[in-house]
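Atoms within a ligand are numbered from 1 in the order they appear, just like the ligands themselves.
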Amino acid sequence: VDSFHGIIPALLTPYDPSGAISEQATRRLVRHLLEKGVNGFYAGGSTGEGLLQSSEERERFLDIVVDEVQGAVPVIAHVGALDTATCIRLAKYAERVGADAVSSVAPFYYKHGQEQVRGHYLDIAMAADIPLILYHIPDLTGVHSSVRFYEQLAASDKIVGVKYTAKDTFELQQLIEACGPDFRVFNGPDECLLAGLAVGCCGAIGSTYNMMPELFVELYRTFRAGAVGEARSLQAQANRVIAELLKYDFIAFEKEILRLQGIDVGLPRKPLQQLTDEERAHIGAFARQFAIL
Ligand code: NAY
């Protein structure tokens, strides 16, 4: 469980021109990020468009990632879906192919009570013999579970952590304190990483680690080494890019940056934003100016 820490990219899913998962580009992206020193991978999450894919595609993507990583760093498989049965199937699959943990968003769309959400998570946790990392992302799921909710689930030894994707540093700190020192809490919003580390996150899972891996690996390292001033200026540098990213759909923006960085990961799936030529030109000029190529 201690191996879950540091900078963990929520991998983009590369597609080929026909829109199918590109094995070649996936392997390239994974190798590239490993060379930059990332500490793990999160596959099929929000950034990975997992919820826009069939179960077969989600399984295939995980296969490729686990095979390319070869145990170098942990792989966390996002298995979230609207129905518990799909999550269970994906969790069993993840265990079988050698993923190190599963993770899941809360069931969304239908308005479930806390009891149902808890039951859903416990069912997933019990389905496989690898740990579960919860995924708190209320802006996207509409499910705002309380600190107390997570504290109770943290009592299960199958549930080892939570990825906290919200920008409430007080709630995050309360969560870390309530769940105890052995529970792994990951920062979600990359633009708030330093604040998350300051209140005790063990690491971070995020989308922009696909396009700025070195910067964030260095931010994490400097923070750990106590060089907070340096960490702060790295966060400021990253946030100039993220402020621009937020003018677009983050997946469309990041896929364009990766393409400019030499790894063609294809286009996001509709209905995600498809960039116009003019937007591409803007992003290209911005990327050159801010030296993220
Ligand atoms: C995932 O599962 O893909 C994530 O980890 C998503 C985390 C991202 N949150 C959202 C709401 O998109 O990385 C962040 C985010 O893109 C970044 O901080 C820019 O806002």
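Under the 4.5 Å side-chain heavy-atom criterion for grouping Ile, Leu, Val, Met, Phe, Trp and Tyr, Ile7 is connected to Ile242 within one hydrophobic cluster.
Between Val75 and the options Ile8, Asp67, Leu62, a side-chain contact (heavy atoms from CB on, under 4.5 Å) holds for only Leu62.
In this structure, the salt bridge (Lys or Arg N to Asp or Glu O under 4.0 Å) partners of Arg148, at least two apart in sequence or on a different chain, are Glu151. Judged as a salt bridge (Lys or Arg N to Asp or Glu O under 4.0 Å), and not counting sequence neighbours, the contacts of Lys36 are Glu214. With sequence neighbours excluded, the residues satisfying side chain to side chain contact (heavy atoms under 4.5 Å, CB included) with Lys167 are Pro189, Glu191, Cys192.
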Run Tyr15 and Glu49 through side chain to side chain contact (heavy atoms under 4.5 Å, CB included) and show every step you take. CA-CA 11 Å; Tyr15 298 121; Glu49 305 175 56; 3.4 Å; yes
When you pair each N or O of ligand 1 with protein N or O atoms, which pairs come out under 3.5 Å?
residue  : atom   : partner : partner atom : Å
ligand 1 : 2 (O)  : Ser46   : N            : 3.0
ligand 1 : 2 (O)  : Ser46   : OG           : 3.4
ligand 1 : 2 (O)  : Tyr135  : OH           : 2.8
ligand 1 : 3 (O)  : Ser46   : N            : 3.2
ligand 1 : 3 (O)  : Thr47   : N            : 2.6
ligand 1 : 3 (O)  : Thr47   : OG1          : 2.5
ligand 1 : 5 (O)  : Lys163  : NZ           : 2.4
ligand 1 : 13 (O) : Asp190  : OD1          : 3.0
ligand 1 : 13 (O) : Asp190  : OD2          : 3.0
ligand 1 : 13 (O) : Ser207  : N            : 2.8
ligand 1 : 13 (O) : Ser207  : OG           : 3.1
ligand 1 : 16 (O) : Ser207  : OG           : 2.8
ligand 1 : 18 (O) : Asp190  : N            : 2.8
ligand 1 : 18 (O) : Glu191  : OE1          : 2.5
ligand 1 : 20 (O) : Glu191  : OE1          : 3.3
ligand 1 : 20 (O) : Glu191  : OE2          : 2.8

